[in-house]
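Note sheet for the following structure.
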Amino acid sequence: MDWFNLGSFVVIIWVIIAFCLPDWKKVVWPKIEQDKSFQHIVLATLFLLSILWSAQAGVKDGLKIHFLALTTLTMMYGWRMAFLISIPAMVANHWIQGVSLVLLPSSLVLSALLPILISYFVFLLSYHYLPRNIFVFIFVAGFFNGAITGSLHLLINSFYHLSVGHYDWETIQHNYFIFVPLLAFPEGLLNGMSLAVLTVFKPEWLRVFSDRDYIYNHYHKK
């Protein structure tokens with residue numbers, strides 16, 4: 001385990017203990033116990049995420065691209081629960097792809113925790129500084145958020161592989177970095193459409209969405 005994997009492991013343990021477990025005990029687990037349908041939603045989300053991540057493309061080991069859908073995951077469960085769900089999904093992805101579990105900590109930080117935090121940060125910015133209506137939620141917290149999160153994910157991974165010496169810049173640029181503008185729109189579209197469907201048909205599945213904030217906010221003073 002190299003220095004980055006070791007540091008990633010420490011970060012993951014700290015995040016789980018300090019943030020994820022309290023949220024799990026106080027909010028998530030009681031809901032799972034009381035609501036059978038929520039159990040099915042979580043399991044279905046985990047299954048779909050594992051399948052989506054297993055559909056990867058790339059020509060170099062480690063330089064793989066795939067849809068994240070982590071913006072939608074974050075809007076559905078909040079960043080703490082989203083990260084917990086991403087852990088078994090990432091384990092399944094490593095098993096399907098035949099990747100050593102030794103690399104799991106760095107994969108979780110680079111391709112799960114950081115994109116989830118970016119998604120949640122963009123959502124918070126839109127929530128506090130933009131008008132609170134359903135269209136802003138779909139297009140900014142969904143479409144734009146997904147596009148910028150997917151792009152930053154590829155940028156972060158590019159600089160990671162460069163800094164640890166896996167590949168030189170020319171190889172990364174021509175085999176990985178070039179996909180940043182190509183992946184931004186479909187990643188944004190995937191998350192924007194997902195949030196549009198959920199806000200219309202299943203708004204109760206979105207943890208960060210509130211009718212009071214996004215639909216009836218004109219009845220309340222800000």
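Please read all numbers here as calculations on a predicted model, not as lab measurements. Just so it is clear, the values below take in all heavy atoms, side chains as well, and ignore hydrogens, waters and symmetry mates. Positions are given from 1, in the same order as the sequence printed here.
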How long is the span from the [atom1] atom in [X] to the [atom2] atom in [Y], to the nearest 0.5 Å?
X      : Y      : atom1 : atom2 : value
Asn175 : Ser158 : CG    : OG    : 10.5 Å
Lys64  : Phe179 : NZ    : CZ    : 11.0 Å
Leu114 : Leu152 : CG    : CG    : 10.0 Å
Leu154 : Leu68  : CG    : CG    : 7.5 Å
Leu162 : Phe177 : CG    : CZ    : 11.0 Å
Met81  : Arg207 : CE    : CZ    : 8.5 Å

I'd like to check [X] versus [Y] (side-chain heavy atoms, cut-off strictly below 4.5 Å). Are they in contact?
X      : Y      : value
Leu206 : Phe137 : yes
Phe83  : Thr74  : no
Leu84  : Val28  : no
Leu113 : Leu108 : no

Can you give me the closest heavy-atom contact between [X] and [Y], atom names plus distance?
X      : Y      : answer
Ile41  : Tyr77  : CG2-OH, 3.3 Å
Leu70  : Ser111 : CD1-O, 3.3 Å
Leu101 : His94  : CD2-CB, 3.9 Å
Asn133 : Val136 : OD1-N, 3.0 Å
Ala18  : Pro22  : O-CG, 3.6 Å
Ser86  : Ala112 : OG-CB, 3.5 Å

Please determine whether the number of non-hydrogen atoms from other residues, nucleotides or ligands lying under 6.0 Å from atom CD1 of Ile13 exceeds 12.
yes
Other residues, nucleotides, ligands: >12 heavy atoms within 6.0 Å of Phe38 CZ:
yes
Backbone N/O of Ala89 and side chain of Asn93: donor-acceptor pair under 3.5 Å:
no
Go through it in stages, so that I can follow the logic: the residues are Phe67 and Leu183, the test is side-chain contact (heavy atoms from CB on, under 4.5 Å), and I'd like the CA-CA distance, side-chain angles, deciding distance and then a yes or no.
CA-CA 8 Å; Phe67 290 116; Leu183 193 65; 4.0 Å; yes
CA sep, side-chain torsions, deciding dist, call: Leu117, Phe121, side-chain contact (heavy atoms from CB on, under 4.5 Å):
CA-CA 6 Å; Leu117 292 178; Phe121 180 69; over 6 Å; no
State which residues pass ring-ring contact (aromatic ring centres under 6.0 Å, His included) with Phe144; sequence neighbours excluded, sorted by chain then number.
none
For residues 186-200, which residue pairs pass the side chain to side chain donor-acceptor pair (under 3.5 Å) check, not counting sequence neighbours?
Thr72-Asn191, Glu187-Asn191
Side chain to side chain donor-acceptor pair (under 3.5 Å): which pairs involve residues 139-148, sequence neighbours left out?
Asn145-Thr149
Path from [X] to [Y] over hydrophobic side-chain contacts below 4.5 Å:
X      : Y      : value
Phe19  : Val208 : yes
Ile215 : Leu198 : yes
Leu52  : Val99  : no
Ile178 : Ile65  : yes
Leu104 : Val11  : yes

How are the rings of [X] and [Y] set relative to one another: parallel (under 30°), tilted (30 to 60°) or perpendicular (over 60°)?
X      : Y      : answer
His66  : Trp53  : tilted
Phe159 : Trp169 : parallel
Trp79  : Tyr120 : tilted

Candidate pair Asn5 and Phe9, rule side-chain contact (heavy atoms from CB on, under 4.5 Å), full reasoning
CA-CA 6 Å; Asn5 263 310; Phe9 179 76; over 6 Å; no
With sequence neighbours left out, what residues match Trp29 under side chain to side chain contact (heavy atoms under 4.5 Å, CB included)?
Trp24, Ile32, Glu33
side-chain hydrogen bond (donor to acceptor under 3.5 Å, both in side chains) assessment of Asp168 paired with Thr171
CA-CA 6 Å; Asp168 57 47; Thr171 301; 2.9 Å; yes
Students should find that the hydrophobic cluster of Phe143, defined by side-chain heavy atoms under 4.5 Å apart, otherwise consists of Phe185, Leu189, Met193
Please tabulate, one pair per line, all N/O donor-acceptor pairs under 3.5 Å involving side-chain atoms of residues 122-129, not counting sequence neighbours.
| residue | atom | partner | partner atom | Å |
| --- | --- | --- | --- | --- |
| Ser126 | OG | Phe123 | O | 2.7 |
| Tyr127 | OH | Arg132 | NH1 | 3.4 |
| Tyr127 | OH | Asp213 | OD2 | 2.9 |

